[in-house]
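Note that the structure is predicted; figures quoted are calculated from it, not measured.
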Amino acid sequence: MSRHLTSLPASRELTALSADGARIHVEVYGPEGAPAVVLAHGWTCSTAFWAEQIRALAADHRVIAYDQRGHGKSPAAGPGGYSTTALADDLEAVLAATLGPGERAVLAGHSMGGMTIMAGAGRPGFRQHAAAVLLCSTGPSRLTAEATVVPLRPGGLRSRLTKAVLGAKAPLGPVNAVSKRILKYATMGPGSAPERVDVCARIVHACPRGARYGWSQVLAGLDLGAGLRELRLPVAVLVGTADRLTPPVHSRAMAEALPHCTGFVELAGMGHMTPVEAPEAVTAQIRELTLTYLGVKSGERENEEAEA
């Protein structure tokens, strides 16, 4: 199997209990007391999607990654368990389970993970713990209307076909040359390396069909514009120019609407799976946010040591 899914540092696993009783699987990497980073993955993915960021950051950060409900090791949602409310509940539960009172972290959300952050922006737990945010390859609304997976002109027909394709109940089948070619077209840039396509295909194909369908219905009707405007903390926005699922039009609009956008990065030729396609660029954005908003200046560190 590709190195992207192996050779991770040792983790501490725990369960966060969400508001409706859902059990959310959480993995914590890196040293206690280090600057904290919370990673929220996207639709049909899992904590494995962040392997490159975990490996790069865990030496000097406490990296907290969790499986969205129905993904990875988090059990499937119960009746009524697929909603933006549930996404926000789960994020609040993870923050409460992993961060001390008043402890702040940088939150990075990819795709549905970014939507999770928008959904939770007004929550007390979010406001207590979030120092800064990276919105990575995501959007707040009009997802099926703006997606370019179906090669037609914008309009009602394209939107309906996009919803049908992304919301299909059929199993994805085995990972093979054909399925990888389809996934690459829909979710990755044309120049994506074969091993990175393979990594994404194995992660996406491992997502249970019920969760894939349940969340697709939530995403099709998504409207998180109000949540976006509630993000009154520093937020960086990143997107690939070849993203067919959440095209750059979303990121440009978010950058304009955010009360405190710290930067907008477009990665030339990259598709939707930016943490895997361009891991160094995504990690650099997270590092910049932790240094700026969680870092302790040398003078402050010396004062703290003298006082101790």
Side-chain angles (χ1 to χ4, degrees), residues 1-16 22-30 37-59 61-77 87 90-91 94 98 107-117 134 136-138 171-176 179-180 183-184 186-189 192-212 215 238 240 245 270-283 285-286:
M1 185 177 290
S2 168
R3 71 179 182 86
H4 295 273
L5 298 183
T6 59
S7 303
L8 285 177
S11 69
R12 301 176 296 283
E13 298 188 359
L14 58 93
T15 298
R23 301 174 67 83
I24 307 302
H25 173 77
V26 185
E27 298 170 6
V28 183
Y29 300 84
V37 174
V38 179
L39 304 175
H41 69 74
W43 176 55
T44 73
C45 295
S46 68
T47 57
F49 192 76
W50 296 107
E52 292 280 15
Q53 286 71 42
I54 292 169
R55 187 164 32 249
L57 293 168
H61 292 75
R62 186 155 56 95
V63 184
I64 300 158
Y66 72 99
D67 286 323
Q68 302 269 22
R69 62 172 65 193
H71 296 74
K73 295 181 181 179
S74 291
L87 291 176
D90 297 350
L91 177 59
V94 170
T98 57
L107 276 60
H110 169 260
S111 191
M112 192 174 80
M115 299 162 198
T116 299
I117 290 171
L134 172 62
C136 184
S137 309
T138 190
L172 295 181
V175 175
N176 55 32
S179 64
K180 285 192 282 190
L183 179 129
K184 179 181 177 181
T187 69
M188 304 182 77
S192 297
E195 63 271 18
R196 297 187 186 274
V197 177
D198 184 73
V199 166
C200 286
R202 294 187 184 281
I203 292 171
V204 170
H205 280 241
C207 180
R209 183 169 31 161
R212 174 165 52 86
W215 285 118
L238 179 147
L245 288 179
M270 298 299 165
H272 184 67
M273 303 301 215
T274 42
V276 173
E277 293 181 74
E280 296 86 358
V282 173
T283 299
Q285 287 294 306
I286 296 172

Give the intermediate values and the outcome of side chain to side chain donor-acceptor pair (under 3.5 Å) for residues Q68 and T116. CA-CA 9 Å; Q68 302 269 22; T116 299; 3.0 Å; yes
After noting the C-alpha distance and the side-chain angles of V276 and E52, does the key distance pass the side-chain contact (heavy atoms from CB on, under 4.5 Å) rule? CA-CA 7 Å; V276 173; E52 292 280 15; over 6 Å; no
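Note that CD1 of I117 is 12.0 Å distant from CE of M112, once rounded to the nearest 0.5 Å.
Take H25 and apply the side chain to side chain donor-acceptor pair (under 3.5 Å) test, not counting sequence neighbours, and it matches E27. Evaluation of the side chain to side chain donor-acceptor pair (under 3.5 Å) rule for S11 yields no partner, not counting sequence neighbours. Under the side chain to side chain donor-acceptor pair (under 3.5 Å) criterion, T138 pairs with no residue, sequence neighbours left out. Annotation: salt bridge (Lys or Arg N to Asp or Glu O under 4.0 Å) contacts of K184 (sequence neighbours excluded): none. Applying the side chain to side chain contact (heavy atoms under 4.5 Å, CB included) rule to T44 yields the partners V204, C207, R212; only residues at least two apart in sequence or on another chain are considered. Listed by chain and number, the residues in a salt bridge (Lys or Arg N to Asp or Glu O under 4.0 Å) with R23 amount to none (sequence neighbours excluded). Applying the side chain to side chain contact (heavy atoms under 4.5 Å, CB included) test to A206 and every residue at least two apart in sequence or in another chain returns nothing. When the side chain to side chain contact (heavy atoms under 4.5 Å, CB included) test is applied to S46, the partners found at least two apart in sequence or on another chain are A48, D67, I203. In this view, S74 satisfies the side chain to side chain donor-acceptor pair (under 3.5 Å) rule with no residue, not counting sequence neighbours. Not a single ring-ring contact (aromatic ring centres under 6.0 Å, His included) links H61 to another residue, sequence neighbours left out. For A16, the side chain to side chain contact (heavy atoms under 4.5 Å, CB included) criterion is met by I24, V26, A93, V94, A97, not counting sequence neighbours. Residues satisfying the salt bridge (Lys or Arg N to Asp or Glu O under 4.0 Å) criterion with E280, sequence neighbours excluded, are absent altogether.
L39 pairs with exactly one of L107, T47, L134, I54 by the side-chain contact (heavy atoms from CB on, under 4.5 Å) rule, that one being I54. Among H272, M115, H41, the one residue that satisfies the side-chain contact (heavy atoms from CB on, under 4.5 Å) test with H110 is H272.
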